[in-house]
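Written out below as structure tokens is the structure these notes cover.
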Amino acid sequence: MNRHCNFLGFVALAWVAATPTLAQTAPVAQASTATNATASIPDFTGMWNHPAFPWFEPPASGPGPVTNKVRWPRVFGSLPEAGTLALPPLKDGDGISDYDQLVGDYTNPILQPWAAEVVKKFGEMSLAGITYGNPSNQCWPEPPPFIYKQALVLILQQPDTITMVYSGNMDVRRVRMNQPHKDTPALYGDSVGHYEGDTLVIDTIGVRTDRKYAMIDLFGTPYTKALHMVERYRLRDYDDVKDAIERNKKENWLFAGDVFSGHRGKFLQLELTIEDKGVFTTPWTSTLTYVPGPSTWPEVVCAENPRQYYYDGSDTDVPRADKPDF
């Protein structure tokens with residue numbers, strides 16, 4: 001996964017232990033700002049896991065995200081379930097996304113011509129064996145929606161703030177509840193939320209574009225200052241999400257195996273809508289379906305080691321400061 005990683009689980013555990021009001025206090029029932037209802041606020045607190053690469057679950061119908069043109073086979077020898085095994089492929093086929101060759105489908109009609117060319121050029125690099133830079137493999141912060149690459153998220157609820165801690169690179173999102181948007185762009189954008197009955201709605205704008213590796217997915221799909229995301233989180237039962245699970249298994253590499261199909265407790269499902277008039281011809285949708293995460297926090301951070309992995313021997317373009325911040 002092209003990452004310099006260290007496991008520092010004690011850091012996050014210590015942080016959570018130091019903030020018991022976030023991790024242990026049940027959400028307080030309050031009126032929904034959207035519906036004026038008095039129903040209790042759903043409890044999303046906890047760790048949630050979506051171990052799938054690339055990550056988007058294409059919608060059942062309508063415009064969806066850029067997907068991979070290069071596919072792995074659906075069958076590994078005599079084993080019937082591709083996408084449920086953390087094994088390398090035998091050969092290219094018509095199955096799940098080939099994580100070794102990230103060739104975005106630049107013919108997807110959601111892309112404006114200039115954006116399609118960007119995706120096409122990244123795909124040509126991947127086919128040539130070049131591992132191009134992205135926020136993950138260069139140890140840069142991962143703003144949304146690229147942040148979904150980090151499969152594990154810890155959600156902490158307070159009345160006025162939702163905090164989302166992602167396991168991959170110390171990335172943290174803070175969602176201000178029931179507030180107007182700020183005008184100033186920010187690294188992770190400006191996320192404001194509210195409840196609509198049993199749904200947490202998060203509206204994000206203002207993700208900064210003046211940064212390296214400004215892309216929304218592993219295919220290099222660009223974005224502009226017009227990027228607008230709406231996330232709708234709900235707790236759902238298996239029968240409500242089984243279709244999304246099947247779409248996930250057909251599209252993505254489930255690198256930890258199929259942790260979804262056998263689960264019969266609550267799922268956390270994210271219904272995502274993205275629009276960007278500078279890049280896309282139309283808004284498009286996706287889902288991400290999470291199961292409860294592990295009992296321990298396997299925090300992973302990019303080490304301050306400038307050497308790349310095996311692929312080209314050059315230095316990693318890790319963030320650098322011209323002067324120390326202390």
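Excluded from the calculations below are hydrogen atoms, water molecules and symmetry mates; all remaining heavy atoms, backbone and side chain alike, are included. What you see is a predicted model, and the numbers here were worked out from it, not measured in a lab.
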Review point. Can you list the steps and then say if F56 with W284 is a ring pair (Phe, Tyr, Trp, His ring centres under 6.0 Å)?
Key: CA-CA 12 Å; F56 290 122; W284 54 271; 5.5 Å; yes

Check your understanding: So do the side chains of P54 and D217 get within less than 4.5 Å of each other, counting heavy atoms only?
Key -> no

Practice item. Could you verify whether a donor N or O on one side chain and an acceptor N or O on the other, from T161 and R176, lie under 3.5 Å apart? Key: no

**Study point:** Side chains of V118 and T221 in contact at under 4.5 Å (non-hydrogen atoms)
**Key:** no

Check your understanding: Under 3.5 Å, is there a donor-acceptor pair between the side chain of D276 and the main chain of F280?
Key -> no

Review point. With respect to F146, which candidate in Y213, W55, Y223 satisfies the ring pair (Phe, Tyr, Trp, His ring centres under 6.0 Å) definition?
Key: W55

Check your understanding: For D160, what residues pass the side chain to side chain donor-acceptor pair (under 3.5 Å) criterion, not counting sequence neighbours?
Key -> none

Check your understanding: Would you say the side chains of T285 and E271 form a donor-acceptor pair under 3.5 Å?
Key -> no

Review point. Would you say the side chains of D171 and Q150 form a donor-acceptor pair under 3.5 Å?
Key: yes

Practice item. Could you work out the complete set of other residues in the hydrophobic cluster of I205, with links drawn between I, L, V, M, F, W and Y side chains under 4.5 Å apart? Key: none

Practice item. Would you please say whether a donor-acceptor pair under 3.5 Å links the side chains of H228 and D203? Key: yes

Exercise for review: Using the six-membered ring wherever Trp is involved, compare the ring planes of H50 and Y290 and label them parallel, tilted or perpendicular (cut-offs 30° and 60°).
Suggested key: tilted

Practice item. May I ask you to check whether R236 and Q269 show a side-chain donor-acceptor distance below 3.5 Å? Key: yes

Exercise for review: Mind checking ring-ring contact (aromatic ring centres under 6.0 Å, His included) for H181 and listing every partner two or more places apart, or none if nothing turns up?
Suggested key: none

Review point. How far apart are the closest heavy atoms of P51 and F260, and which atoms are they?
Key: CD-CZ, 3.8 Å

Exercise for review: Find out whether the Lys NZ or Arg CZ of R264 is both under 6.0 angstrom from the six-membered ring centre of Y238 and within 45° of the ring's axis.
Suggested key: yes

Review point. Taking the six-membered ring of Y166, is NZ or CZ of K149 closer than 6.0 Å to its centre and within 45° of its axis?
Key: no

